S.K.: 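Structure below; questions to follow.
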Amino acid sequence: MQDLREATAYIQAQSDNFLPDTGIILGTGLGALAKEVEVAYSLDYADIPHFPLSTVESHAGRLLLGTLGGRKVTVLQGRFHYYEGYSMEQVVFPVRVLKLLGIKQLFVSNAAGGLNPDFEMADLMLIDDHINLQPTNPLVGRNLDELGPRFPDMFAPYDATLLARAEAAAAALGQAATTRRGVYASLPGPMLETPAEYRYLRTIGADAVGMSTVPEVIAARHMGLPVLAVSVITDLASPGRLKPVVLADIFAAAAKAEPRLTALMKAVVAE
Ligand code: HPA
């Protein structure tokens with residue numbers, strides 16, 4: 001708690017106590033939304049006390065404070081993954097800081113492999129539930145009672161109102177055909193899945209698979225924050241469509257979907 005408070009106090013001091021109402025975490029290859037933000041303050045993670053540092057080149061490592069769609073937002077440009085060697089506590093540190101900064105809702109994006117046979121490359125999937133297959137989670141250990149309860153409920157991890165708004169916004173933007181809904185399975189990575197693992201994940205009810213998001217969502221729900229999370233389908237792992245995954249292809253699919261994701265997120269924030 002002390003570390004969280006020090007990080008929060010630093011950000012407040014650097015930003016004239018800027019009070020964001022929405023927090024946004026940008027996933028792999030999905031940085032374009034940051035360009036839409038009218039940035040008032042930009043802080044390097046390296047300068048924020050106790051903040052972990054990003055080791056993945058595709059993640060920038062900056063915290064932005066500004067306005068998007070007329071709303072005050074804060075953007076985490078770069079997230080932390082368990083596969084980088086961070087503890088789960090470190091992975092969710094920034095999300096907890098955003099909550100202490102005052103956000104009332106959290107938006108998250110990620111790149112994910114598509115397991116549902118109806119999905120196409122560069123589709124967006126609004127996450128409506130998840131399966132946590134990470135080896136541990138950020139709530140293990142002594143509970144931070146100031147943040148939330150020991151046994152948080154997980155009946156509705158993804159906010160129904162935000163999901164409905166996102167679906168309505170997708171329709172209004174002419175994106176209904178490429179905007180799906182489904183269950184996200186989170187694995188530690190960093191290797192992608194074997195064919196048998198992809199089949200297993202489909203069998204247990206997942207529509208997409210990735211290496212992030214669920215730890216942050218667990219921490220957010222622990223603190224009572226409503227969450228909207230969107231996966232960009234960057235590779236297809238459904239039967240008959242699986243092929244070796246090339247990182248460049250993942251970035252290409254993310255780049256293709258990025259304008260749609262950006263427009264959608266901006267529309268929901270504005271609302
Ligand atoms: N598996 C796990 N993580 C991913 C994938 C995948 O197929 N695609 C993008 N992130």
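Whatever order the structure lists them in is the order used to number ligands and atoms, beginning at 1. Keep in mind that what you see is a predicted model, and the values were worked out from it rather than measured.
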S.K.: When you pair each N or O of ligand 1 with protein N or O atoms, which pairs come out under 3.5 Å?
M.R.:
residue  : atom   : partner : partner atom : Å
ligand 1 : 1 (N)  : Glu193  : OE1          : 2.6
ligand 1 : 7 (O)  : Tyr198  : OH           : 2.7
ligand 1 : 7 (O)  : Asp235  : OD2          : 2.7
ligand 1 : 8 (N)  : Gly113  : N            : 3.2
ligand 1 : 8 (N)  : Asp235  : OD1          : 2.6
ligand 1 : 10 (N) : Ala111  : O            : 3.4

S.K.: Indicate every side-chain donor-acceptor pair of residues 92-108 with a distance under 3.5 Å to a residue at least two apart or in another chain.
M.R.:
residue : atom : partner : partner atom : Å
Lys104  : NZ   : Gly102  : O            : 3.1
Gln105  : NE2  : Thr22   : OG1          : 2.8

S.K.: Over 60° means perpendicular and under 30° means parallel, so classify the ring planes of Tyr158 and His130, tilted if in between.
M.R.: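 Correct class here is perpendicular.
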
S.K.: Same hydrophobic cluster for Leu19 and Leu65, using side-chain heavy-atom links shorter than 4.5 Å among ILVMFWY?
M.R.: no

S.K.: Quick one, Asn110 with Ser231, criterion side chain to side chain donor-acceptor pair (under 3.5 Å). Give me CA distance, side-chain angles, the key distance, then yes/no.
M.R.: CA-CA 5 Å; Asn110 63 48; Ser231 289; 2.7 Å; yes

S.K.: Centroid separation under 6.0 Å, is that true for the rings of Phe51 and Tyr10?
M.R.: no

S.K.: Look at atom OH of Tyr200 and say whether more than 12 heavy atoms of other residues, nucleotides or ligands are closer to it than 6.0 Å.
M.R.: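 No, because the 6.0 Å sphere around OH of Tyr200 holds 12 heavy atoms or fewer from other groups.
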
